[in-house]
Amino acid sequence: MDPSSDAEVYRRHADELIRFATAMVGPASAEDVLASAVLSAIGSSQWPFVQNRRAYLFRCVATEAMRSARSAERRLRRERRVTPREATEDHVLDRDVLEAMLALSARQRAVVYLTYWLELTATEVAESISSSERTVERELERSRQILGRKLA
Amino acid sequence: MNTLDQRIHDFAGKLAGAAPPATEFERLAATRSTMSTPVAWRPVLAAAAVAVVVLGLVLVGQVRQPDEGSAAPSFEVGPSTVVGMPFAVVPTALPDGWRFVDLVDSGKSASSGPWSSYLFRDPATGAAIFIQTGARFDEPNPGPFRDLRESLEATGSVTYAVDGSPVWMRVAGIDTDVAVSMAESLVLEDVGPDRVPRLPIDSGFALESSRSISEAPASSGSVAALRLRTPNGTVDVVLDTRDPDNPAWNHYGVPEVVDERTVYVAPYSVTGDPIDGAVTAAVQVSNPADLVGAAALFASLERAPLETWDEIEDAIAADVSGVAVVDRIEIRDLVVTRHDDGTTTAICATWRGSTRCRSNDSPLWGGASMESANLVVGGLWVVAGSIDSDEVTEFDVSPLDGVEGSQRARDGRTFFAYAAPSATEVRIDFDSDGPSGQFGFDRPAR
């Protein structure tokens, strides 16, 4: 694949991937996660073989976000301390949303985002985060319980 | 949607809405060259596809109406213009419980990127540090992408910037603290067009071999991959003719003698000297638990006639084609079937008595929403796939000439198959009430 093709694939999916990364690790870490995931994907020996590059990139972002979960979590908790109840800046989450986000694990955030925002089926969510349908269903149920309390 | 579901939906929307703008690709591309490993390859991608709307809301269309029934004349295929591997490479012994699930010889590829590679080793322990460097950035540094320690701990590798240049460091047999210290103290020197890494003199590591940008051979060659499934995950044997004589890459890892052959074991790979001096091999594992088996597998790799790969592909087809058939398309005397038993999903093509299959075990497969199979059966190139929707509103196949096939919707999915006897690339753009996107196929050598 030539660089212009890589660029084309990236540009086509960059917006939805950065949103997914943000949902998993927050706005402050999303760019790093996306950059790392994309570099890892296009540097992979599998990349030239991948036919469904959108799904592959989603999986890479999910994997990268889960790997970076600990440091992203620390960053989010720092942000929570200084974030006003209602954020006015762009790319900053207000505190209630941050609180709810921090109550979920990275995997649960991915499951919630992919299920509720992208409206994927449990099978598709499982593929996007390299997990099983059973795990996705379990994580979704737990997330609903947690968010039921946090978003009340 | 109940109240809680609505609140969660709004919550997910707020998360998405807080996303910053995505980094420009050009900034990522500045480091991309260092991500191209000698075993990675870049097939030639053709110019933009010509879009032709074929279908309406209900999917019944065809790009070109195939001749009716199997009485139609068979396809004529000539010798392939796609050059594959010069010979097959096969393991002569498989660890217990390992089996082949995919084989693809992707044909001629181009482009390897302007990287220089350097292998350092601690002679006392055999530990290795493999470093690739690229030219200085024209733009501001696009990093750091990840925390050094976190990355080295998790993957044994890290991509970061040193003195304005991209650096990809991979380590084998080294404690994380030492690796972090090496990464932090790395110095780059300008030597001609190269940025040469220097480790501290007292580190115990010495430069063992290197391949600089100016020494890199022409970036053309072939790449093939065989995938095996193991009880722990997957193992890929990646073969490359592009740069076989590159000890900096071939010897990355801790040396170990297995069956009288020296192999080099790294956190997720096993490498060694090229097979028959012409084909670089790397065995890559998805789970480090398979490294011992991968080392034995590498040690057993041998040159074989290309027909040996036919036997492997026949065995894969025999495994997969037994899975229940859920859909079928006939194009002249070519039969393409979709299989699904809840665990294995696959697409097989049968022509002139030969069957080739790809399944969800293949790295080429995609996901449940967009499955695809790209295969050559008896010299005939076939592309096929399925989309998780029976409401496909747009389906554009390019090129039109030299491509013949059809699509059909059934049980919530749209299955398509095309024979492309004279094409070397096929693009399909589609939109549906579910997924939308593009399938891009480049003709493989086999």
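The chains referred to below are lettered A, B, ... by the order of the sequence lines, with proteins before strands, and numbering in each begins at 1.
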A:Arg12 vs B:Gln438, side-chain contact (heavy atoms from CB on, under 4.5 Å): CA-CA, chis, key distance, verdict: CA-CA 11 Å; A:Arg12 192 180 308 138; B:Gln438 182 189 63; 3.9 Å; yes

Listed partners of B:Asp388 passing side chain to side chain donor-acceptor pair (under 3.5 Å), at least two apart: none

Find the distance between [atom1] ([X]) and [atom2] ([Y]) and round it off to the nearest 0.5 Å.
X	Y	atom1	atom2	answer
A:Trp117	B:Asp10	CH2	CG	7.5 Å
A:Leu151	B:Thr3	CG	OG1	12.0 Å
A:Tyr116	B:Arg7	OH	CZ	10.5 Å
B:Leu4	A:Gln145	CG	CD	10.0 Å

Test side-chain contact (heavy atoms from CB on, under 4.5 Å) applied to B:Asp5 and A:Arg144, step by step: CA-CA 8 Å; B:Asp5 286 332; A:Arg144 290 184 88 256; 2.8 Å; yes

B:Ala22 to A:Leu34 - nearest heavy-atom pair and separation: CB-CD2, 4.0 Å

Set of ring-ring contact (aromatic ring centres under 6.0 Å, His included) partners for B:Phe416, sequence neighbours left out: B:Phe395, B:Phe439

Min side-chain heavy-atom separation A:Ile18-B:Pro20 under 4.5 Å: yes

Any A:Val112 side-chain heavy atom under 4.5 Å of B:Phe11 side chain: yes

Structural part of A:Ala100 lying under 4.5 Å from a heavy atom of chain B: both

